[in-house]
Enquirer: 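Sharing a structure, written as structure tokens. Questions coming.
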Amino acid sequence: MKQRIAIFISGRGSNMEAILTQAQHGILADCCEVVLVFANTREAYGLQIAQQFGVPTAVIESKGKKRQVFDQEVLALLEPFQLDYLVLAGYMRILSACVIERYHNRIINIHPADTNAYQGIHGYEWAFEQRLERTIITVHLVDEGVDTGCILAQREVDLRGASTLEEVKERGLRVEHALYSETLRGVFTRTFVI
Ligand code: GAR
């Protein structure tokens, strides 16, 4: 049975694009169907990419709305899609308890650092400024904290010799794009029991 998933984005959507590619022709093709791409801003460039893939998109603007009010609207939007999982891919909003409870252990996120070492946004800037020799991409379940949920997979990125922030991001995103789909496959085929 294919898992029905929605991908949540706020911006560029390169992780979303990698997942859509794998869902249409690759390692996710037999285990999931992306039935919705959701964004909290219509400025999210990834919406255009999703449309090119022929995937339905929806936007609810979060700006100026209280978190609870916004998240209740999102839940109402999602309900008819009968989703099995929410896959966050650069979704820059903290989810309130009502969403976490509704999709308990069914919300997955990718983070550009080791969540034990660094939480929040700008993970690559942190690695670059600290001149780290390596950083660790993390895929994790989402709970009510910021980047505190159970870790599903991690993969190291070698940053030695990366002299610009752009290079750090490029190396990291290459790993993100591979690791996310591989981990999702493990979850959707129950190789990981969560
Ligand atoms: C990715 O690097 C992702 O790991 C990060 O946002 C970027 C989104 O890029 N997420 C976080 O920092 C979450 N704390 P994308 O829109 O091209 O996938």
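First listed ligand is number 1; within each ligand, the first listed atom is number 1.
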Enquirer: Going by heavy atoms, is Ile110 under 4.0 Å from ligand 1?
Expert: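 So Ile110 counts as touching ligand 1.
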Enquirer: Which of the atoms in ligand 1, numbered in the order shown and given with their element, are less than 4.0 Å from a heavy-atom of Tyr124?
Expert: 2 (O)
Enquirer: When you measure from the side chain of Gln72 to the backbone N and O of Gln68, does any donor-acceptor pair fall under 3.5 Å?
Expert: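 Side chain of Gln72 to backbone of Gln68, a donor-acceptor pair under 3.5 Å: no, none is there.
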Enquirer: Does even one non-hydrogen atom of Gly120 get within less than 4.0 Å of ligand 1?
Expert: yes
Enquirer: Can a cation-pi geometry be assigned to Arg131 and Phe128, taking NZ or CZ under 6.0 Å from the six-membered ring centre and within 45° of the ring axis?
Expert: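 Flagged: Arg131 positioned over aromatic ring of Phe128.
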Enquirer: Which heavy atom of the protein is the closest neighbour of atom 7 (C) of ligand 1, given with residue, atom name and distance?
Expert: Arg12 NH2, 4.2 Å
Enquirer: Determine, using heavy atoms of Tyr91 and all atoms of ligand 1, whether some pair is separated by less than 4.0 Å.
Expert: no
Enquirer: For atom CD of Glu43, is the number of surrounding heavy atoms from other residues, nucleotides or ligands below 6.0 Å larger than 12?
Expert: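 Check fails, neighbour count at 12 or below.
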Enquirer: Quick check on Glu17 - does any of its heavy atoms sit under 4.0 Å from an atom of ligand 1?
Expert: no
Enquirer: Below 3.5 Å, N or O to N or O, backbone or side chain included: is there any such pair between Asn15 and ligand 1?
Expert: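 Yes, Asn15 has an N/O under 3.5 Å of an N/O on ligand 1.
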Enquirer: Identify the protein heavy atom lying closest to atom 12 (O) of ligand 1, giving its residue, its atom name and the separation to 0.1 Å.
Expert: Pro112 CD, 3.4 Å
Enquirer: Can you check whether Gly13 has an N/O within less than 3.5 Å of an N/O in ligand 1?
Expert: yes
Enquirer: Run the numbers on Glu61 and Asn40 for side-chain hydrogen bond (donor to acceptor under 3.5 Å, both in side chains), then give the verdict.
Expert: CA-CA 5 Å; Glu61 291 286 342; Asn40 66 311; over 6 Å; no
Enquirer: With heavy atoms under 4.0 Å as the rule, classify the contact between Met92 and ligand 1 as side chain, backbone, both or neither.
Expert: side chain
Enquirer: Quick test: of every protein heavy atom, which one is nearest to atom 3 (C) of ligand 1, and how far off is it to 0.1 Å?
Expert: Glu176 OE1, 3.4 Å
Enquirer: Looking at Tyr45, is Arg12 sitting on its ring face, NZ or CZ under 6.0 Å from the six-membered ring centre and within 45 degrees of the normal?
Expert: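 No, cation not above the ring by the 6.0 Å, 45° rule.
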Enquirer: Is the backbone of Gln82 close enough, under 3.5 Å, to the side chain of Arg4 for a donor and an acceptor to pair up by distance?
Expert: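 Side chain of Arg4 to backbone of Gln82, a donor-acceptor pair under 3.5 Å: yes, one is there.
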Enquirer: Polar-atom distance check: His122 versus ligand 1, any N or O pair below 3.5 Å?
Expert: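 No, His122 has no N/O under 3.5 Å of an N/O on ligand 1.
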Enquirer: Could Arg171 and Glu166 be called an ion pair, given the rule that one side-chain N must be under 4.0 Å from one carboxylate O?
Expert: no
Enquirer: Quick one: does His111 get an N or O within less than 3.5 Å of an N or O on ligand 1?
Expert: yes
Enquirer: Between Phe8 and Tyr91, what is the ring plane arrangement, given parallel below 30°, perpendicular above 60°, and tilted in between?
Expert: perpendicular
Enquirer: Taking the six-membered ring of Phe70, is NZ or CZ of Arg93 closer than 6.0 Å to its centre and within 45° of its axis?
Expert: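 Judged by the rule, Arg93 and Phe70 form a cation-pi pair.
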